[in-house]
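Because the structure is a prediction, the values reported are computed rather than measured. Remember, it's 1-based here, ligands and their atoms both numbered in the order they're listed.
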Amino acid sequence: MTSSPVFASASWIASSTVGGPRTSAPVPYVRKSFRIDQPVRSAKLAISALGLYECEINGERIGDEVFTPGWTEYHKRVQYQTYDVTGQIQVGENVLGAILGDGWYCGFVAWCGRQVYGDRPRLLARLEVTLQDGSTVAVASDASWKTTIGPILESDLLNGEAYDARRELGDWSKPGYDASRWESVIVAPPEHPVEVVPRVGPPVRRIEEIKSVEHRKLDGHRTHIFDFGQNFTGRVRLKIKSSRGVNVQLRHAEVLNPENRLYTENLRAARCTDNYTCHGNGTETWEPRFTFHGFRYMEVQGNLGAEDVVEVTGVVLHSDTKPTGTFRCSHEGLNQLQHNIVWGQKGNFLEVPTDCPQRDERLGWTGDAQVFVRTAAFNMDVRGFFHKWMQDMRDSQRANGGIPCVVPAPWSNDAISQDGGPAWADAEIICPWTIYLCYGDKEILAEHYESMQRFMTFMAKHRCKGHIRNHPDAVEWQGFGDWLALDGGGKTEGITPYDLIGTAFYAFDAGLMVKVAEVLGRQDDAKHYRALHQEIVEAFRHRFVTPEGLVASGTQTAYVLALHFGLLDESVRSVAATELVRHIKGRNYHLATGFVGTPYILEVLEETGHIDVAYKLLEQETFPSWLFPVKNGATTIWERWDGWTPDKGFQDKGMNSFNHYAYGAVGAWMYRTVAGLELDPEDPGYAHIVFRPRPGGAITWAEAGLETRFGQAGIRWELKGEGLELKLIVPAGARATLQPPPGYVAGKTAYGEGTHQVTLKKA
Ligand code: BGC
């Protein structure tokens, strides 16, 4: 084990109580009493856990972070936190204590069962106190610590938490407490060597609280159903007044069934149920510690009396990524769509970018993150969040350079954990490049460059036949295809060929590697990737494109990828675009694309002169479309266009999340094209802002704001008669160029710091 010097003389400690692969054990409390005999000059605590910890000193909770130390690739790395606890240490007896949750380390993870990384939670801690005379006292986790089991009888991220308030331990972390019946901890080094490193990226916090909008009492007084009016990720704080020993079950669901009760089938094996047993002394308040749920509705059920009080407050949890962007326009449906995208992001940016927060999955799916990263970087400051996740990706990268389908990769015994396949594994290159574009952040490229190169080599060596990636002749797994596209006749992968998607992304990656190498000043590498890119493009054309410009399989996604990734000869682009439009019109202005094609379709239409078609798709309200869920009451983005329909009800319960951000990738188009707030890849991070509003559809005004590294940038436009009124905001240190919409002329196009009111006239 490599341990950081801040943990000198500290050992990993644990309780001797241990659960099994399917059974969890009660949550251990650990404590150490120690004496300080002089006034304290300073005190610093370094603390980590394999599992989750909540720390207390002398009865006071330390820090406001949730799910510490965070989720990393525990096979390699775990983070620690440091706290200045000078104010907490006193002369006389002191107590340093912690409560240890299972978390991702040994609780249930997705469908992998428990104990994926280790058998029980462990704590590593070291407090260093500097006394008035300059001497230091260190208190480190070791065999002298004591442990016991308290009120938390079960605690699991997927299943929920069970708390028996009759078993509370009182002032267990305060001096003077009688711990004589506590047992000794065991020293328990982790099963695998693990590096202990300082935290990277933002912690999870309780970000906001929401009140329920409806409270229904059913079954006499036994059942209370609450509606928070918003699908979100977190848990509730329960306020209850009942009799000693009354046990209430707190169930959570995203939607209601036709009987107006909680619909939980789509949660699969995740129980998502908390349990609370009352101590019965007046009003009791409780919030679980080591679990979260994805829900809008929750039910409190138990043997409650008529006079009993049950109140709940929703506690929203996510990684503390500061909000940076706003988008609004004259179309209320699109404003609700933007709201749903932001809540999808809040609900799924929790330690890692997850696919969904409710069912037994909640994994860092690489494909989902890759399609959404650009949108995410508008809504919130996700730079630190992605720095951390790219570290997880490096840690999860396979020895041959392959990138798994999920990061962190809790398992490693099948094909998808070795190679996530086209559009998933490519997050390896697309995510750092996008963070570079949005924040001007060269560091992420430098940090990740070697890993990207290894991934490119992996593809060339192990996944290609003559530059065709995922060739049908290959025996390897082919990928997820155009996941959830509607053109597959019921097949979740859609019908666009795997090798077409694979080769298109391989070309895209090679093209990005040219740019990355150039940014990093590696001209030889740039030359290599430029040649590779050219060869892949030629292989793509040879295999998939007719001389006239038709693209094999003829799906919307095939055309979108060929056009968006610049894989077609200039002379045939318009033919391909016409075919794409023909396809869309053939479906009466509806999408047939899945996770792969959807993020780029509007951009492609706009670039090829079909913005009218793009707006028709954006404003489409019938299935399948972005506004169909909005029309049907969605408050987050659904995994499937038809998660619920009035005629068919719920989609397949095996895969039907109501909080899946992937299709929310359209948000970037709303910022960049509807409002017109764009960056310049040549001078990234909004050093050079490009204002390019492209009014269309029924929208009469739109606005976007973004807190950039220079300060607030923004644009607002409004159609006024024959003119277009603009307000442009350029922060100090940045410059801007206005690119008027086709058909308008601008006298002046270059703008510096300040707020500028401009009216454009039709040409
Ligand atoms: C996840 C997706 C993911 C997919 C892979 C699903 O179970 O929820 O969002 O990308 O599997 O195809």
Side-chain angles (χ1 to χ4, degrees), residues 108-112 157-158 231 233 254 265-270 272 294 341 344-345 347-350 352-373 375-376 389 392-393 396 402-411 414-428 430-431 470 476-488 490-498 501-502 505 557 593-599 629 636-643 650-666:
F108 282 92
V109 172
W111 50 81
C112 311
L157 291 171
L158 298 181
N231 197 12
T233 299
E254 296 181 289
E265 278 86 335
N266 68 328
L267 305 177
R268 304 197 306 216
C272 305
I341 294 169
Q345 181 166 344
N348 284 298
F349 275 38
L350 191 147
V352 304
T354 60
D355 56 336
C356 57
Q358 73 297 83
R359 69 182 178 215
D360 58 346
E361 195 145 359
R362 314 185 191 182
L363 297 168
W365 281 96
T366 46
D368 306 40
Q370 166 284 106
V371 303
F372 190 67
V373 55
T375 300
W389 194 56
D392 295 338
M393 200 173 284
S396 306
I403 297 292
C405 60
V406 297
V407 167
W411 73 94
D414 60 8
I416 58 174
S417 61
Q418 298 303 314
D419 172 22
W424 269 254
D426 307 75
E428 161 75 5
I430 297 170
C431 291
N470 294 89
E476 286 92 15
W477 177 73
Q478 304 280 323
F480 294 107
D482 185 16
W483 189 244
L484 297 185
L486 295 168
D487 52 14
K491 204 170 139 233
T492 35
E493 287 84 356
I495 206 180
T496 310
Y498 299 103
I501 299 175
F505 271 87
T557 291
T593 47
F595 275 32
V596 172
T598 307
T636 36
I637 299 293
W638 295 354
E639 177 175 26
R640 311 181 80 135
W641 300 117
D642 55 347
F650 294 115
Q651 246 283 8
D652 173 11
K653 63 179 193 252
M655 223 182 57
N656 196 22
S657 146
F658 291 94
N659 195 354
H660 232 76
Y661 58 60
Y663 286 145
V666 70

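Checked against a 6.0 Å centroid threshold, the rings of Phe595 and Tyr663 count as neighbours.
Considering only non-hydrogen protein atoms, atom 6 (C) of ligand 1 sits nearest to Glu361 OE2, 3.4 Å. Looking at atom 2 (C) of ligand 1, its nearest protein heavy atom turns out to be Asp368 OD2, 3.6 Å. Protein heavy atom in closest approach to atom 3 (C) of ligand 1: Trp365 CD2, 3.4 Å. Of the protein's non-hydrogen atoms, Trp483 NE1, 3.6 Å is the one closest to atom 4 (C) of ligand 1. Among all protein heavy atoms, the one lying closest to atom 12 (O) of ligand 1 is Phe480 CD2, 3.0 Å.
Heavy atoms of Arg359 approach ligand 1 to within less than 4.0 angstrom.
Side-chain atoms of Asp482 come within 3.5 Å of backbone atoms of Val596 as a donor-acceptor pair (strictly under, hydrogens ignored). With Thr354 contributing its side chain and Arg362 its backbone, the two residues share no donor-acceptor pair below 3.5 Å.
The residues Arg359 and Glu361 are annotated as salt-bridged, a charged nitrogen and a carboxylate oxygen being separated by less than 4.0 angstrom.
Every atom of ligand 1 with a heavy atom of Glu639 under 4.0 Å away is listed here by number and element: 8 (O). Applying the 4.0 Å criterion to heavy atoms of Asp355 picks out, from ligand 1, the atoms 1 (C), 8 (O), 9 (O).
Using modelled atom types, one finds a donor on one side chain and an acceptor on the other under 3.5 Å when comparing Asn266 with Glu254. Between the side chains of Asn470 and Gln478, not a single donor N or O lies within less than 3.5 Å of an accepting N or O.
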